[in-house]
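Notes for the one structure printed next.
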Amino acid sequence: MANVANINFRADAALKEEFAEVVEDMGLTVTTAFTAFMKATVREGKLPFLLKSSRRRLTDDERETLELVRDPDTKWFNSVEEMVEADGWYK
């Protein structure tokens, strides 16, 4: 094994044991699992899994509503009647 480097890092002991059990069920060791992770990261140029916020994402309707609320040109009315009259629906 030419050109081998050791990598040391700290992890929660219980998490490490759970991880070891999972990868061993796959027929891997912790070392081979991390090697596979590193190779996939290098090959893909990104982490090989999705990281996302635990915050709920906005729907398209919610995003559109926020844009309208933030738009200084959005007209605001105190009632439906006021809105209808302003748009000339009553004649």
Output the distance between atom [atom1] ([X]) and atom [atom2] ([Y]), rounded to the nearest 0.5 Å.
X     : Y     : atom1 : atom2 : value
Glu64 : Leu58 : CD    : CG    : 12.5 Å
Leu66 : Asp71 : CG    : CG    : 12.5 Å
Phe19 : Glu24 : CZ    : CD    : 10.0 Å
Glu67 : Arg63 : CD    : CZ    : 8.0 Å

Give me the atom names and distance for the closest heavy-atom approach of [X] to [Y].
X     : Y     : value
Ile7  : Met38 : CD1-SD, 3.8 Å
Thr74 : Leu68 : OG1-O, 2.6 Å
Glu82 : Trp76 : OE2-O, 4.4 Å

*Determine, using the 4.5 Å side-chain heavy-atom cutoff (strictly less than), whether Leu15 and Leu47 are members of one ILVMFWY cluster.*
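Different clusters.
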*Hey, mind stepping through Glu62 and Thr59 against side-chain hydrogen bond (donor to acceptor under 3.5 Å, both in side chains) and telling me if it holds?*
CA-CA 5 Å; Glu62 290 169 329; Thr59 65; 3.3 Å; yes
*If the plane angle is over 60° it's perpendicular, under 30° parallel, otherwise tilted; pick one for Phe49 and Phe37.*
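The arrangement is parallel - the two ring planes meet at less than 30°.
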*Mark yes or no for whether Thr32, through its side chain, and Leu28, through its backbone, hold a donor-acceptor pair below 3.5 Å.*
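Flag not set: sc Thr32 to bb Leu28 has no pair under 3.5 Å.
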_Can you tell me if Lys46 has over 12 outside heavy atoms packed within less than 6.0 Å of its NZ?_
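Correct, the count exceeds 12.
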*Please tell me if the side chains of Val23 and Thr29 come closer than 4.5 Å, counting only heavy atoms from C-beta onward.*
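Val23 does not reach Thr29 side chain to side chain.
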